[in-house]
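First the proteins, then the strands, lettered A, B, ... as listed; each starts at 1.
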2 protein chains.
Amino acid sequence: MIKYAKSFCVLAEELHFNKAAARLHLTQPALSYQIKKLEEQLGCILLKRSPHKVLLTEAGMILARELSAALNHVNGAFQMAQDAARGDSGALVIGYCELPEAGNMTAAIRRYTDLYPGVDVTLINMPTIEQVDALTAGSLDVAFLHPPLNAPQLVMRPAGEELIVAALRADHALAAQPALQLAELKHERLIVCAEQLGPIMYNSILAACGKAGFQPKLREEMFRWHSMLDQAASGLGVAFVPASLSGTHPLLVFKPVEDLGVKLLTAIATVGDPTRPAVIRFIETARSCQARC
Amino acid sequence: MIKYAKSFCVLAEELHFNKAAARLHLTQPALSYQIKKLEEQLGCILLKRSPHKVLLTEAGMILARELSAALNHVNGAFQMAQDAARGDSGALVIGYCELPEAGNMTAAIRRYTDLYPGVDVTLINMPTIEQVDALTAGSLDVAFLHPPLNAPQLVMRPAGEELIVAALRADHALAAQPALQLAELKHERLIVCAEQLGPIMYNSILAACGKAGFQPKLREEMFRWHSMLDQAASGLGVAFVPASLSGTHPLLVFKPVEDLGVKLLTAIATVGDPTRPAVIRFIETARSCQARC
DNA sequence: TTTTCTGATCAATAATTCTTATCATAAACC
DNA sequence: GGTTTATGATAAGAATTATTGATCAGAAAA
């Protein structure tokens, strides 16, 4: 019954078997057959035929009106399924750490929303450790976070790395130099990120200082990069922060530390290999962004 | 593509090819074939199959949800067409004269609205002559009116007849008699309906009086039966009205006039033979009502 | 009247969809 | 750990269904 629906709708528009058949890429007898079949199954006459005019009956008029709307509905359903398969539908919740530039995230998201406008993208800012829980709990689809992590359920994809640099007040004695050596910071208080947040990074910094021949004086260990900048800006010490923060604070200058060599890694994480097309497409897009950027 | 929609929806509910095939009165290979075809044409995978479980993909979930709604829409369209063909849809505007009982109209309408609840029935009260215009203009589908009429475009179907009786005050000298003779009304003023409204009836009454040997004294000719009753109730004369008005006025008694023999005819009129199922069904219903009542 | 245009019908053909039988696979069970 | 069982895929042939081209019949227009 439903399979002749399209034919009937076209015929109802044309009110002419030959023209309608042509539009349907059929011959006229085929269309006559279909409409006859449809009328038989429906148990009612849809068109009054005569050799020189074809008219819809009342039932035909109603069917034409309702059916064309319903067929649009059906086509919409197919379209939505195809969009969903392409990844261009549904919602995508992305977690990110404090640094939106880490792993080219903003570029990736811009490109992704261009390519897949049907996806409802939500960004949620949370620290790496919380992201792991959120991913596991399913409240995040994908996360930009900072490895290494002990989370075997997650699949991590390297997304970028940036050097740790020293942030110091613009009026600091060392601020004029283009680059620093660790030893020059021997007598400064160092503002570093908390060990829990990044044990590798924390320990790498301590090790580098030891190699440079001193035991650093540490200030309180911080949980947010921007808090560290604020402390440094208050003159309470020199902060070690990722290079992408350079220029983000008016009172501070950011200098590479030549013998530090510690990097902040960023990875794109998901729980296992994603199955949702929208997630797969996002990761693809993010990787293609890295490749080109 | 659309022809497998139903199969997919059932499969999406069952998530089991054999069970779904059984529900569809198909064998499992046939269903596998259909779904495969659907996936090919759609260009995406709708189900993840494994020998011990079948799961919808994201596209499949969306398609199942949207498509079942759309298919309901389609089935609704077919249903509406069938209802329309049965006559159980659309609007029906019925005109009637002052006497709702004429031609068993109320019984016919009650029966019709029971049988065809989908039709939106409207009743409009207007005099016979206006009904002719309204029918011709298309603002009435069918009318209960009083022939004869000179209106060749209308098809009339006899729907009933009733005697004209005399309505007189309960305190009238003649009110005690079971029936009257015309001659007894010789000296009364007679209240009759206007000649324009019913030339045949008007002339028949005059002729009957002549035969009874007198020229009646007529009061102003009236255009509405109920006005005639009001006049009679005021003691201004004896009204000649259709029998169905008997008992409708507290101050009046209604008496047959044995040698009058004038009848009010009622007919069901349409413009030509109706083509709209709702109209055809109404006329059928009204006739079956007459047959039985 | 004749012509023309239109849709219906028919028989043959083509396409499709279905069925039966069989296979391959993964979970469940002893 | 091997065996059983349940399940879906596949293939070949059969059945059904749809399409075509040719032809017919009827109504409007010329």
Name the nucleic acid region contacted by K37(A), choosing base, sugar-phosphate or nothing; use a 4.0 angstrom heavy-atom cut-off, strictly under. sugar-phosphate
Please work out if K19(B) contacts a base, only the sugar-phosphate, or nothing of the nucleic acid, heavy-atom cut-off 4.0 Å. nothing
May I ask you to evaluate whether H16(A) reaches the phosphate of dC5(C), defined as a side-chain N or O under 4.0 Å from OP1 or OP2? no
What's the verdict on ring pair (Phe, Tyr, Trp, His ring centres under 6.0 Å) for Y112(A) and Y116(A), showing C-alpha distance, side-chain angles and the deciding distance? CA-CA 6 Å; Y112(A) 178 75; Y116(A) 303 97; 5.1 Å; yes
N or O in side chain of Q34(A) less than 4.0 angstrom from dT19(D) OP1/OP2: yes
R49(B) side chain near dT7(D) phosphate (N/O to OP1/OP2, under 4.0 Å): no
Any side-chain N or O of N18(A) less than 4.0 Å from the OP1 or OP2 oxygen of dC5(C)? no
L47(A) CG - dG7(C) P separation (whole Å): 10 Å
Ranking Q28(B) and F17(A) by the position along DNA chain C of their nearest nucleotide, the one closer to 5' is F17(A)
L15(A) CG to dG7(C) C1': how many Å, rounded? 14 Å
Given dG7(C), is OP1 or OP2 found less than 4.0 Å from the side-chain N or O atoms of K36(A)? no
Mind calculating the distance between CD1 (I2(B)) and P (dT17(C)) to the nearest angstrom? 14 Å
Who pairs with D114(B) by salt bridge (Lys or Arg N to Asp or Glu O under 4.0 Å), at least two apart in sequence or on another chain? none
Output yes when at least one side-chain N/O atom of S32(B) is less than 4.0 Å from OP1 or OP2 of dG8(D), else no. no
Round to a whole Å and report the spacing from CD1 of I35(A) to P of dT19(D). 11 Å
Does Y33(A) reach a base, just sugar-phosphate, or nothing at all? Heavy atoms under 4.0 Å. base
Identify whether any heavy atom of K48(B) sits under 4.0 Å from a base atom; if not, whether one sits that close to sugar-phosphate; answer base, sugar-phosphate or nothing. nothing
Whole angstrom value for the distance that separates C1' of dG8(D) from CG of L46(B): 16 Å
Let me spell it out: for each of L26(B) and S50(A), pick the nucleotide of DNA chain C with the closest heavy atom. Which residue's pick is nearer the 5' end? S50(A)
Would you check if there is a donor-acceptor pair between the side chains of E284(A) and S288(A) at a distance under 3.5 Å? no
Does any donor atom in the side chain of T136(B) or Q153(B) lie under 3.5 Å from an acceptor atom in the other side chain? yes
Write down the atom of D141(A), the atom of R276(A), and the distance for their closest heavy-atom approach. OD1-NH1, 3.4 Å
Report yes if a side-chain nitrogen or oxygen of H52(A) is closer than 4.0 Å to either non-bridging phosphate oxygen (OP1 or OP2) of dT4(C); otherwise report no. no
Please confirm whether the backbone N or O of A81(A) pairs with a side-chain atom of E66(B), one donor and one acceptor, at under 3.5 Å? no
So, OP1 or OP2 of dG7(C): does either fall under 4.0 Å of a side-chain N or O from K53(A)? no
Rounded to whole angstrom units, what separation is found between the CG atom of L31(B) and the C1' atom of dT10(D)? 15 Å
Side chain of A30(B), heavy atoms from C-beta onward: which of dT10(D), dG7(C), dT19(C) has the nearest atom to it? dT19(C)
Please give, in whole Å, the distance from dG7(C) C1' to E39(A) CD? 12 Å
Atom CD of E40(A) and atom C1' of dT17(D) are separated, to the nearest Å, by 13 Å
